[in-house]
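From a predicted model like this one, the values you see are computed outputs, not experimental measurements.
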Amino acid sequence: MIAVERTVLLLLAAGRSQRYGDVGSKLDEDFLGRPLGLHVAVTLEMVPFLERVAITGSCRIDYAAHGFRVIRNAAPEAGIATSIALGVRAAQERDADAVMLALADMPRVTATHIHRLFDASRGPDTVVASSDGTDTSPPALFGRDRFDFLLSLQGDEGARDLVRAGRHVVTAPAELIDVDTAEELAELRAMVRAPERTITRAAAHRSG
């Protein structure tokens with residue numbers, strides 16, 4: 001099993017919020033009294049990662065105040081692969097055994113789920129992703145033997161095929177909601193105010 005203490009958390013927070021609207025960065029929008037993009041950072045503060053690295057763009061969140069090394073992506077328009085590469089290189093500098101990729105627009109991820117991803121890991125070629133029982137998504141854990149592959153990604157190309165072939169840890173769909181639009185954030189706020197409601201990943205992406 002890969003050790004948390006030998007893993008670098010890569011929080012991807014450089015997206016341009018194109019689907020959200022003209023707000024600068026959706027990560028600065030309020031959710032439960034703090035910026036949307038700060039929730040996962042605070043949730044994982046007590047997880048003993050080797051290092052926490054936030055790859056940022058236009059958001060105003062002070063990730064450094066929450067124990068992150070902040071690396072600014074000067075070219076977010078080139079796609080998410082640029083953020084992943086910046087983070088993986090930072091992990092290589094620390095001689096990390098793995099990286100945990102997390103998205104800043106997923107505010108409901110729990111530390112318990114993160115630990116379950118580590119429990120499913122096997123070694124340096126590990127690929128463990130999250131699943132709602134149907135679709136896979138971040139957070140995802142990649143062992144160091146996968147770093148070269150992550151560095152080879154281009155544009156908004158993801159690691160979908162690799163992730164599908166890896167191990168999957170299933171959790172509640174509500175935990176894996178990522179907020180792309182103002183309507184999705186409004187739906188999430190409504191769900192939190194009325195927890196007896198349920199939400200599916202399909203519903204969360206109805207406008208996608």
- Verify whether one side chain among Ser130 and His113 offers a donor that lies under 3.5 Å from an acceptor in the other. yes

- Check Ala64 against Val70 and note the closest heavy-atom contact, atom names and distance. N-CG2, 3.7 Å

- Sidechain-backbone polar pair: Glu175 side chain, Thr171 backbone, donor-acceptor under 3.5 Å: no

- Message: On a heavy-atom basis, which atom in Arg167 and which in Ala120 lie closest, and how many Å separate them?
- Response: NE-O, 2.9 Å

- Message: Distance check, rounded to the nearest 0.5 Å: Leu150 atom CG versus Gln92 atom CD?
- Response: 9.5 Å

- Message: Taking the side chain as everything from C-beta on, heavy atoms only, tell me whether Leu185 gets closer than 4.5 Å to Leu36.
- Response: yes

- Task: May I ask you to test the Leu188-Arg108 pair for a side-chain heavy-atom distance under 4.5 Å?
- Result: yes

- Item | Side-chain (Arg164) to main-chain (Asp135) donor-acceptor, under 3.5 angstrom | no

- Query: Roughly how far, to the nearest 0.5 Å, is the CZ atom of Arg69 from the CG atom of Leu10?
  - Reply: 9.5 Å

- Item | Ser121 side chain vs Leu117 backbone, donor-acceptor pair below 3.5 Å | no

- Query: More than 12 non-hydrogen atoms from neighbouring residues, nucleotides or ligands closer than 6.0 Å to CE on Met46, yes or no?
  - Reply: no

- Message: Just so I know, are the side chains of Glu45 and His66 near enough to count as touching, which here means a heavy-atom distance under 4.5 Å?
- Response: yes

- Message: When you compare the side chain of Val128 with that of Phe142, does any pair of heavy atoms fall below 4.5 Å?
- Response: no

- Item | Nearest-0.5 Å distance that lies between atom CG in Leu11 and atom CD1 in Ile71 | 12.0 Å

- If every non-hydrogen atom of Val163 is compared with every non-hydrogen atom of Val127, which pair is closest and at what distance? CA-CG1, 4.0 Å

- Query: Rounded to the nearest 0.5 Å, what separation is found between the CZ atom of Phe68 and the CG atom of Asp62?
  - Reply: 11.5 Å

- Message: Could you measure the distance from the NE2 atom of His115 to the CG atom of Leu44? Nearest 0.5 Å is fine.
- Response: 8.5 Å

- Message: Can you confirm whether Val42 sits close enough to Val40 that some side-chain heavy atom of one is under 4.5 Å from a side-chain heavy atom of the other?
- Response: no

- Is there a salt bridge (Lys or Arg N to Asp or Glu O under 4.0 Å) between Glu51 and Arg94 once you walk through the steps? CA-CA 8 Å; Glu51 185 175 27; Arg94 296 298 306 270; 3.4 Å; yes

- Item | Validation row: Phe118, Met100 side chains within 4.5 angstrom (heavy atoms) | yes

- Query: For the hydrophobic clusters of this structure (ILVMFWY residues joined by side-chain heavy atoms under 4.5 Å, transitively), does one cluster hold both Val170 and Ile114?
  - Reply: no

- For His39 and Phe31, which heavy atoms make the closest approach, and how far apart are they? NE2-O, 2.6 Å

- Message: If you define the side chain from C-beta out and look only at heavy atoms, does anything of Val192 sit under 4.5 Å from Leu32?
- Response: yes

- Message: Return the CG to OG1 distance between Asn73 and Thr56, rounded to the nearest 0.5 Å.
- Response: 8.0 Å

- Item | Contact summary for Leu176 and Pro139, nearest pair of heavy atoms | CD2-CD, 4.2 Å

- Decide yes or no for Glu5 and Phe49: does some side-chain heavy atom of the first lie under 4.5 Å from some side-chain heavy atom of the second? no

- Query: Salt bridge check: are Arg144 and Asp125 linked by an N-O gap of less than 4.0 Å?
  - Reply: no

- Message: If I compare all heavy atoms of Cys59 with all of Ser25, which pair ends up nearest, and what's the gap?
- Response: CB-OG, 3.4 Å

